[in-house]
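Numbering starts at 1 and runs along the sequence shown. Both ligands and their constituent atoms are indexed starting at 1 by order of listing. Side chains are part of it too, since the values below use all heavy atoms of this structure and drop only hydrogens, waters and symmetry mates.
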Amino acid sequence: MKVIVTGGAGFLGSHLCDLLLTKGYDVICIDNLATGDIRNIEHIKSEKFTYIKHDVTKPIYFGDKIDYVFHLASPASPIDYLELPIQTLKVGALGTYNMLGLAKEQKARFLLASTSEAYGDPLVNPQPESYWGNVNPIGPRGVYDEAKRYAEAITMAYHRYHNVDTRIARIFNTYGPRMRAGDGRVVPNFINQALKGEDITVYGDGSQTRSFCYVSDLIDGLHRLIRSDFVEPVNIGNPDEMNVLEFAEMVIKITGSNSRLVFRDLPVDDPKVRRPDISRAKEVLGWEPAVKLCKGLEQTIEYFSDN
Ligand SMILES: NC(=O)c1ccc[n+]([C@@H]2O[C@H](COP(=O)([O-])OP(=O)(O)OC[C@H]3O[C@@H](n4cnc5c(N)ncnc54)[C@H](O)[C@@H]3O)[C@@H](O)[C@H]2O)c1
């Protein structure tokens, strides 16, 4: 089978390309390297792998039959989407529109990488897929949250009106090797500060909660979802919730660092709680995370120590 992975040179996309190649798929990775890195795919030597440098907000056509389109292209970390607000909105809107058009023309199955940010700063915890969210459309983070909400809406419209076979994954915080050290997300931030013995920056008082899914679990969830027949959104993430302070202490312990914690103002509209309800993923995909946080952190710390 031939599959397209947009955003395939990014953190999650490159791991997805790896998994698909081990499963025997022909993989076409499309990425404009806006926030990705060619080094994430340089190790791939397979003849079944093609990289195309292309911005998916512009149309692209293929002569050969495509079976699946995984649409992951989008800036994903707050630092990136605050720096690239228009590109973020464009890739969520025009990029998703173009990739749905491609899936329609090719009669391919389409999977959207959506996000827990679709729930905004949630008033319900844990968040089930039935929750419609609490998003500030005009705040700085709105560019990402609303782009993804629009992407979900156009995905459902293509399903309902053009019969495109679609899937929507609502991805919660995922971490692992190939995250960028400076991408501003809490896992690489804390690990790199701890490894360098620098102060660890905690936003707010650290009582806000997060839950962290290891990348191999997440990628397995995406692969199961595209092979399922389930069209409604599915949360994919780890339901083990902890507050940011506890997480910082865990990173200090595993790295053996003597870093101190310093506290900074909470960014605007930062979610206070974040935890997926994964009942649906368990039921329809038979999926739940397998990698314990301490194990996943060890592998991620090893990656950052070597890079
Ligand atoms: N990592 C997470 O915890 C997380 C959580 C929720 C959702 N997601 C979603 O998963 C996807 C991948 O996230 P990631 O963490 O790997 O981020 P990433 O920034 O590492 O990867 C995104 C990739 O998309 C590419 N890209 C961006 N705009 C593009 C465009 N216009 N045309 C072609 N390529 C483009 C980037 O160059 C990059 O390689 C994103 O859609 C993100 O919203 C990720």
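In terms of polar-atom proximity, defined here as any N/O pair under 3.5 Å, D37 makes no such contact with ligand 1. Remark: ligand 1 and I171 share no N or O pair separated by less than 3.5 Å (distance only, no angle test). Remark: ligand 1 and A73 share no N or O pair separated by less than 3.5 Å (distance only, no angle test). For T57, no nitrogen or oxygen atom sits less than 3.5 Å from a nitrogen or oxygen atom of ligand 1, counting backbone and side chain alike. Backbone and side-chain nitrogen or oxygen atoms of V91 are examined, and none is located within less than 3.5 angstrom of a nitrogen or oxygen of ligand 1. Taking any N or O of N32, backbone or side chain, at least one lies under 3.5 Å from an N or O belonging to ligand 1.
When Q87, R178, H54 are checked for heavy-atom proximity to atom 33 (C) of ligand 1, H54 turns out nearest. Of the listed residues (Y144, F11, F172), the one carrying the non-hydrogen atom nearest atom 8 (N) of ligand 1 is Y144.
Counting only N and O atoms by type, the side chains of R275 and S211 include no donor and acceptor under 3.5 Å apart. Between the side chains of Y214 and Q299, at least one donor-acceptor pair of N or O atoms lies under 3.5 Å.
Ligand 1 lies within reach of S114, whose nearest heavy atom is under 4.0 Å from it. Heavy-atom separations between E117 and ligand 1 are all 4.0 Å or longer.
In this structure, the side chain of D270 does not engage the main chain of L266 through any donor-acceptor pair within 3.5 Å.
For the pair F70 and I4, the minimum side-chain heavy-atom distance is 4.5 Å or more. Under the 4.5 Å side-chain criterion, counting only non-hydrogen atoms from C-beta, T115 is not in contact with I171.
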